[in-house]
Amino acid sequence: MELPISSKTGEPLKPFIKPGGALLLGITFIALGFLRWWRSYSWGSFPVFTDFLLFIFFLVEGCVSISRAKLGSKHVLAHQIIVLINGFFILFMGFVLSIIFWSIPGLLGMVYGILIIITSTLGSIILCLYWPVKLEKYKVKN
């Protein structure tokens with residue numbers, strides 16, 4: 001499948017994803033998740049629930065990035081669906097982590113909870129609005 005032609009310049013559009021970079025990012029996310037999980041065991045304490053949640057978060061983000069790398073610059077609708085599901089996952093994980101931090105007594109837990117919910121909400125909104133709109137111009141009309 002060839003890339004679509006730009007209506008403004010008449011030249012083919014650049015690929016919207018670099019598979020090598022996305023694959024490296026996915027492997028890095030997965031490695032960071034396992035490193036986080038291993039670090040909590042190596043300090044002699046058992047991992048807490050937040051360590052497990054961060055492990056799951058990094059694992060899912062890594063798998064999403066690897067799946068987008070495998071798709072390459074084809075199947076634009078699949079990329080849009082993956083990005084939207086990933087955005088909702090980030091929003092959900094932000095709510096879960098903020099609730100956990102809000103349960104910590106004191107001001108620091110509440111501040112962390114507020115920062116996490118603001119960051120995850122803004123990040124998921126930007127992710128869910130930017131990528132599907134950007135990828136819309138790559139759809140080929142038959």
Side-chain angles (χ1 to χ4, degrees), residues 1-8 11-142:
M1 178 177 114
E2 293 182 19
L3 292 173
I5 305 296
S6 172
S7 60
K8 294 179 183 176
E11 298 178 5
L13 294 169
K14 293 181 181 177
F16 57 87
I17 190 168
K18 295 178 182 171
L23 182 64
L24 183 63
L25 183 68
I27 291 170
T28 305
F29 270 130
I30 292 173
L32 284 174
F34 278 109
L35 181 67
R36 173 84 180 164
W37 188 255
W38 175 77
R39 189 189 72 158
S40 62
Y41 273 117
S42 67
W43 285 359
S45 64
F46 290 105
V48 292
F49 189 60
T50 53
D51 289 333
F52 177 71
L53 285 177
L54 288 173
F55 169 70
I56 294 297
F57 178 76
F58 281 124
L59 189 68
V60 168
E61 290 297 318
C63 290
V64 164
S65 185
I66 289 172
S67 68
R68 290 191 67 207
K70 181 144 175 65
L71 284 174
S73 290
K74 301 180 286 188
H75 309 291
V76 177
L77 183 60
H79 279 283
Q80 289 176 321
I81 292 169
I82 288 172
V83 165
L84 288 175
I85 291 172
N86 190 26
F88 287 122
F89 175 74
I90 290 173
L91 184 65
F92 174 73
M93 286 298 289
F95 276 115
V96 170
L97 286 173
S98 68
I99 289 170
I100 290 171
F101 278 109
W102 277 336
S103 67
I104 297 173
L107 184 63
L108 191 60
M110 186 170 47
V111 169
Y112 279 160
I114 291 170
L115 287 175
I116 287 173
I117 196 68
I118 289 172
T119 305
S120 69
T121 302
L122 288 176
S124 66
I125 288 172
I126 290 169
L127 184 72
C128 288
L129 290 179
Y130 174 74
W131 273 103
V133 171
K134 179 183 176 185
L135 295 177
E136 194 65 34
K137 67 181 178 183
Y138 286 91
K139 287 186 176 178
V140 178
K141 310 282 189 266
N142 290 335

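Only this structure's heavy atoms are used, side chains among them; waters, hydrogens and symmetry mates stay out.
- Between the Thr119 side chain and the Ile116 main chain, no donor and acceptor come within less than 3.5 Å of each other.
- Looking at heavy atoms from C-beta onward, Trp102 lies in side-chain contact with Ile114 at the 4.5 angstrom threshold.
- To the nearest 0.5 Å, the span separating CG on Asn86 from NE2 on His79 amounts to 13.0 Å.
- Rounding to the nearest 0.5 Å places CD1 of Ile56 at 12.0 Å from CD of Glu61.
- Heavy-atom minimum distance, Ile117 versus Ser98: CD1-OG, 3.8 Å.
- The heavy-atom pair separating Phe16 from Leu135 by the smallest distance is CD1-CD2, 3.2 Å.
- Atom CZ of Phe89 is surrounded by more than 12 heavy atoms from other residues, nucleotides or ligands within 6.0 Å.
- Looking at residues two or more places apart in sequence or on another chain, you find no side-chain contact (heavy atoms from CB on, under 4.5 Å) involving Lys18.
- Side-chain atoms of Thr121 do not come within 3.5 Å of backbone N or O of Ile118 as any donor-acceptor pair.
- Between Ile81 atom CD1 and Leu77 atom CG the span is 4.0 Å, to the nearest 0.5 Å.
- Contact record, Pro19 with Ala69: O-CB, 3.4 Å, taken as the closest heavy-atom pair.
- Ser103 contributes a side-chain N or O that, together with a main-chain N or O of Ile100, makes up a donor-acceptor pair within less than 3.5 Å.
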